[in-house]
Protein chains: 2
Amino acid sequence: MTGKREQKKEQTRQAIVAAAVDLFSSKGYEKTSIEDLAKAAGIGKSTVYTYFKAKEEIFLAFFDEEFEYSFSALHEHVDPDAPLINQLHTLFMLQYEFVTKNREFGRILVRETLFPKSVTSLAKESNQRYLDALGEILNRAKERGEIRPEFDNFFLAAHFFMIYLGSLSGLYTGYITTTEEVEIGLMTLLNQALQGIAL
Amino acid sequence: MTGKREQKKEQTRQAIVAAAVDLFSSKGYEKTSIEDLAKAAGIGKSTVYTYFKAKEEIFLAFFDEEFEYSFSALHEHVDPDAPLINQLHTLFMLQYEFVTKNREFGRILVRETLFPKSVTSLAKESNQRYLDALGEILNRAKERGEIRPEFDNFFLAAHFFMIYLGSLSGLYTGYITTTEEVEIGLMTLLNQALQGIAL
DNA sequence: CGCTAAAGTCGAACCGGGTCGACTTTAGCG
DNA sequence: CGCTAAAGTCGACCCGGTTCGACTTTAGCG
């Protein structure tokens, strides 16, 4: 396999993603047209559609690259044996900063990964990776005896993920506006989840 | 005030919303073009933009009509003095059914209200109404001594809302596929929230 | 090496959301 | 009632994502 043809195809794909990383970062998603990407990649506009079914798919590929970078930064900041709430706090605030470096970017990201038009493996993969990272943190917390062992890891991870997600939504709907408010909201909700709401 | 002009304007507005209720329901949001709406309302395409700034705004107006209907049905199903978890369960499952009557509809709804392009009062209003309805349920639960009184009502409502939101996302990303699974997921998460995750 | 069918490419066109600016209606004043 | 400025209307157009179909390249067989 991997004949000349496949190699070239892979190269072109890379070129499109590289153009996306470049242009989405500098001009933003909406303001970058498919034609811009095509020109930057040195191909024709409609050729882009040989490699990606839609603009959103290019976005997801672009996100993959960025995600890698962001998650490697995470491990430098979080002590794997710190109390759970500290770890979650750090993780979410890092993620939050990353997402709001470009407000537009974060919005599209959430929309496309969490409420995608069709069930593509791409979107699910992104979520899974996030959930896995959360799962590891939770596992360690369970081993330390910090949290109830009878709850399922998947639903625990999902629970925390939702809290993060909701805080983001608060940002986009205008309920909260500053980083401090995000921080307060996040901590309040994490506390509720950990302590329990019922008397 | 309310001269002939304002009356007619209101009429035209209504005609557009009526066309939206009709066409969005039958053909779906994406497949209904502005021109379709204009034709159905008996006006020109660009006149639509005198009444609404964007297609999304028409969607929100359409949703307003549907929302009213759905929430009135709610009060017939939920006993205001039933245990909190039962009330939440009923509320969310009703809401869920409503939203998935048309899958497309639910997706756009979440996207536009929770992650809107710009902070419009419209989207915030929709959320606020939902949060208010939740707040009432929580108030009664507090009065019955079911939940911790020291937590802020807003954040409690937000917490439950997020759980619902996350379950929906699970549906759209393909983590869950059937109504039963939604129900199980919902109950699991509500339990976690009420009991508390920490040991 | 020549041929062919499949794969890859891209210009042209489609489609639908949104804008512009010229035209039409009408409120409300004298 | 007549006039005018403001409000309302809409045809023509722009723009960008996506599709179509004709053209070009190339793998791989004889």
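Chain letters run A, B, ... following the sequence lines, proteins first, then strands; residues in each count from 1. Note that the structure is a prediction, hence the values are computed from the model and not measured.
- Judged by atom type and distance alone, B:Ser46 does not reach the base of C:dG18 through any side-chain donor-acceptor pair under 3.5 Å.
- With respect to the salt-bridge test (charged N to carboxylate O, under 4.0 angstrom), the residues B:Lys31 and B:Asp36 do not qualify.
- Note: CZ (A:Arg13) to C1' (C:dA7) measures 17 Å, nearest angstrom.
- Summarising the base pairing, D:dG17 is matched to C:dC14 through a Watson-Crick or G-U wobble pair whose two defining distances lie under 3.5 Å.
- When the C1' atom of D:dT19 is taken as reference, atom CD of A:Glu35 falls 15 Å away, rounded to whole Å.
- The side-chain hydrogen bond (donor to acceptor under 3.5 Å, both in side chains) test with B:Glu146 is passed by exactly one of B:Arg144, B:Arg148, B:Lys142: B:Arg144.
- Taking the charged nitrogens against the carboxylate oxygens, A:Glu112 and A:Lys55 have no contact shorter than 4.0 Å, which rules out a salt bridge.
- Between A:Lys53 and A:Lys31, the residue anchored nearer the 5' end of DNA chain D, judged by the nucleotide with its closest heavy atom, is A:Lys31.
- For the pair A:Gln11 CD and C:dG8 P, the interatomic distance rounds to 14 Å; values are reported in whole Å.
- Distance A:Lys39 NZ to C:dT9 C1': 17 Å, rounded to the nearest Å.
- Using a 4.0 Å cut-off, no side-chain N or O of A:Tyr51 falls inside it from OP1 or OP2 of C:dG8.
- Between the CD atom of B:Glu57 and the C1' atom of C:dG18 there is a distance of 13 Å, given to the nearest Å.
- Closest to the side chain of B:Lys45, out of D:dG17, C:dG18, D:dC10, is C:dG18.
- Rounded to whole Å, atom P of C:dG17 lies 5 Å from atom CD1 of B:Ile34.
- Across all strands shown, B:Ala54 has heavy atoms under 4.0 Å from sugar-phosphate atoms exclusively, and none from any base.
- No close placement of the A:Tyr29 and A:Phe62 rings is indicated, their centers lying 6.0 Å or farther apart.
- Side-chain N/O atoms of B:Lys55 include one lying less than 4.0 angstrom from OP1 or OP2 on C:dG17.
- One atom, CD of A:Glu56, and another, C1' of D:dG16, lie 14 Å apart when rounded to the nearest Å.
- Here the CG-CD distance, from A:Leu186 to A:Glu183, works out to 8.0 Å after rounding to the nearest 0.5 Å.
- Taking every side-chain heavy atom of A:Ser33 into account, D:dG17 is the closest of D:dT18, C:dG17, D:dG17.
- The partner of C:dG21 is D:dC10, judged by Watson-Crick or G-U wobble contacts that both fall below 3.5 Å.
- Taking only side-chain nitrogens and oxygens, A:Thr47 comes nearer than 4.0 Å to OP1 or OP2 of C:dC10.
- The partner of C:dG2 is D:dC29, by the rule that a Watson-Crick or G-U pair needs both atom distances under 3.5 Å.
- When rounded to the nearest whole Å, the span between OH of A:Tyr49 and C1' of C:dG11 equals 15 Å.
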